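Here is the structure we will look at.
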Amino acid sequence: MIEARHLRVLRAVAATGSFSAAARELGCTQPAVSQQMKVLEASVGTPLLIRTSREMRLTQAGEVLVRHATGILSGLTAAEEEVAAIAGLRAGRVRLVSFPSGSSTLVPAALAALRAAHPGTRVSLVDAEPPRSVEMLRDGDCDVALAFRYDSVHDDSTGGGAEEWGDLVVRPLLSDRLVGLLPEGHRLAGADTVSIADLADESWIAGCPRCRHQLVDACEKAGFTPRIDFATDDYPAVIGLVGAGLGVAFLPELAMESVLPKAARTVTVEPAVRREIVALTLPDLARVPAVAATLDQLERAAAR
């Protein structure tokens with residue numbers, strides 16, 4: 001196997017014309033140069049130098065190797081510089097996937113801070129809900145996944161059970177409580193706290209069958225099955241439907257931060273239902289400086 005250090009010695013010998021001159025250029029001893037040349041010739045299986053009492057010159061094989069050595073060593077130098085830039089956060093790329101309410105609240109502040117601190121690091125963003133975002137992480141389609149799981153419901157609707165994330169690095173960010181959303185003229189719109197049981201006779205606006213699991217579970221624990229008349233995963237649409245007096249809804253607080261409710265009021269609902277917001281990555285990726293910096297900024301954004 002040809003090693004880069006041997007190619008550097010060969011190139012120095014070819015350029016200077018002697019072992020002693022090459023040793024001075026490389027900052028080592030003449031016997032060390034001679035030894036490394038012997039190792040290189042043994043590796044390639046043919047002489048690379050012709051030594052006489054008057055001169056030292058390259059064989060045809062030596063000429064070929066020196067010609068390739070220039071490109072190989074230049075490529076290695078470029079690779080070393082590029083890797084050093086990534087390690088030093090002067091360069092690098094992070095592929096982030098996030099659920100929509102995270103993309104509109106946590107992600108902007110985190111990425112703005114990351115860009116200010118490390119302008120050479122590029123981050124791309126794609127929207128995806130768990131469990132799809134977790135699948136993308138495992139499939140190598142992203143480097144960091146912003147995801148969530150509900151404490152009170154143990155199912156696979158978000159791919160977030162303890163065993164499902166056991167192979168991942170989990171960075172907890174915040175606990176996000178679900179709040180009630182009522183038309184502003186609703187009889188309970190002015191209340192500080194509303195029991196879920198008080199909404200048993202209401203028309204509900206909920207997400208898709210997979211996404212509404214937490215609502216159904218909370219209502220059933222309160223002794224009723226919600227009558228779901230409208231289904232949409234679009235939070236502004238939910239707020240618009242509630243504002244028009246068409247029903248009530250159950251939304252994460254984080255979702256409300258980026259949407260201005262019109263003709264609707266939020267109320268605290270008891271018993272509380274919370275989802276844990278986390279940032280996920282793979283163990284090897286967690287050691288990549290740009291990924292680690294992204295996780296740190298997401299954590300800082302969540303703490304604000």
Side-chain angles (χ1 to χ4, degrees), residues 89 92-138 141-153 157-162 164-165 168-179 181 207 210-211 214 232-239 249-261 266 268 272-283 285-286 288-304:
L89 288 172
R93 179 197 68 177
V94 178
R95 298 166 300 164
L96 174 64
V97 61
S98 172
F99 54 94
S101 57
S103 297
S104 62
T105 53
L106 298 177
V107 170
L111 297 193
L114 183 67
R115 176 175 290 183
H118 309 292
T121 299
R122 296 180 295 109
V123 181
S124 62
L125 173 64
V126 173
D127 274 345
E129 297 267 1
R132 175 56 188 149
S133 57
V134 182
E135 294 171 359
M136 291 175 66
L137 177 62
R138 290 196 176 102
D141 295 327
C142 70
D143 305 307
V144 176
L146 203 62
F148 59 83
R149 58 186 170 190
Y150 286 89
D151 295 333
S152 59
V153 179
S157 62
T158 61
E164 282 92 351
W165 290 355
L168 304 176
V169 173
V170 181
R171 180 77 69 92
L173 299 180
L174 59 88
S175 177
D176 186 26
R177 180 170 179 156
L178 273 65
V179 296
L181 190 65
R210 179 179 61 81
C211 300
Q214 284 69 40
T232 176
D233 291 327
D234 184 73
Y235 290 150
V238 172
I239 293 170
F250 208 27
L251 294 181
E253 283 185 319
L254 197 65
M256 302 302 301
E257 289 186 16
S258 59
V259 181
L260 180 63
T266 59
T268 299
V273 177
R274 300 178 183 274
R275 62 177 185 172
E276 181 188 12
I277 310 297
V278 301
L280 305 172
T281 192
L282 297 171
L285 286 173
V288 175
V291 171
T294 301
L295 294 175
D296 290 342
Q297 293 298 348
L298 286 169
E299 189 171 23
R300 292 189 182 100
R304 293 189 182 103

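Source: prediction; values computed, not measured.
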Handout entry: Separation of Leu298 CG from Leu111 CG (nearest 0.5 Å)
Key = 7.0 Å
Fill in the blank from the handout: Contacts of Ala237 meeting side-chain contact (heavy atoms from CB on, under 4.5 Å) (sequence neighbours excluded), chain-then-number -> Thr232, Asp234
Practice task
Could you pull out all residues at least two apart from Leu282 that satisfy side-chain contact (heavy atoms from CB on, under 4.5 Å)?
Solution key: Leu137, Leu168, Leu285
Problem - Neighbour count >12 (heavy atoms, 6.0 Å) for atom CZ, Arg115 - result: no
Handout entry: CA sep, side-chain torsions, deciding dist, call: Val94, Leu114, side chain to side chain contact (heavy atoms under 4.5 Å, CB included)
Key = CA-CA 11 Å; Val94 178; Leu114 183 67; 5.5 Å; no
Please tabulate, for side-chain N and O atoms in residues 96-110, each donor-acceptor pair with protein atoms closer than 3.5 Å (sequence neighbours left out).
unit_1: Ser98; atom_1: OG; unit_2: Ser103; atom_2: N; d: 3.2
unit_1: Ser98; atom_1: OG; unit_2: Ser103; atom_2: OG; d: 3.3
unit_1: Ser101; atom_1: OG; unit_2: Arg275; atom_2: NH2; d: 3.1
unit_1: Ser103; atom_1: OG; unit_2: Phe99; atom_2: O; d: 3.3
unit_1: Ser103; atom_1: OG; unit_2: Asp127; atom_2: OD1; d: 2.6
unit_1: Ser104; atom_1: OG; unit_2: Pro100; atom_2: O; d: 3.4
unit_1: Ser104; atom_1: OG; unit_2: Ser101; atom_2: O; d: 3.2
unit_1: Ser104; atom_1: OG; unit_2: Ser258; atom_2: OG; d: 2.9
unit_1: Thr105; atom_1: OG1; unit_2: Ser101; atom_2: O; d: 2.5

Handout entry: Salt bridge flag under 4.0 Å for residues Glu129 and Arg132
Key = no
Handout entry: Stepwise side chain to side chain contact (heavy atoms under 4.5 Å, CB included) test for Thr266 and Met256
Key = CA-CA 9 Å; Thr266 59; Met256 302 302 301; 3.7 Å; yes
Fill in the blank from the handout: Sorted by chain and residue number, the salt bridge (charged side-chain N to carboxylate O under 4.0 Å, His left out) partners of Glu253 (sequence neighbours excluded) come out as none
Handout entry: Considering all heavy atoms, the nearest Leu174-Ala302 contact
Key = CD2-CB, 3.7 Å
Handout entry: Partner set under side-chain contact (heavy atoms from CB on, under 4.5 Å) for Val169, not counting sequence neighbours
Key = Thr281, Pro283, Ala286
Problem - Residue pairs fulfilling salt bridge (charged side-chain N to carboxylate O under 4.0 Å, His left out) with at least one residue in residues 99-113, sequence neighbours excluded - result: none
Handout entry: Minimal non-hydrogen separation, Ala293 against Leu89, with atom names
Key = CB-CD1, 4.2 Å
Handout entry: Any residue meeting side-chain contact (heavy atoms from CB on, under 4.5 Å) with Arg93, in chain and number order, not counting sequence neighbours
Key = Arg95, Arg122
Exercise for the section: Measure the shortest side-chain to side-chain distance between Arg149 and Pro130 over non-hydrogen atoms and say whether it is less than 4.5 angstrom. Expected result: no
Exercise for the section: Please collect all side-chain hydrogen bond (donor to acceptor under 3.5 Å, both in side chains) contacts where either partner lies in residues 294-304, sequence neighbours excluded, each pair once. Expected result: Arg171-Asp296, Arg171-Glu299
Problem - Main-chain N/O of Leu254 paired to Asp176 side chain as donor or acceptor, under 3.5 Å - result: yes
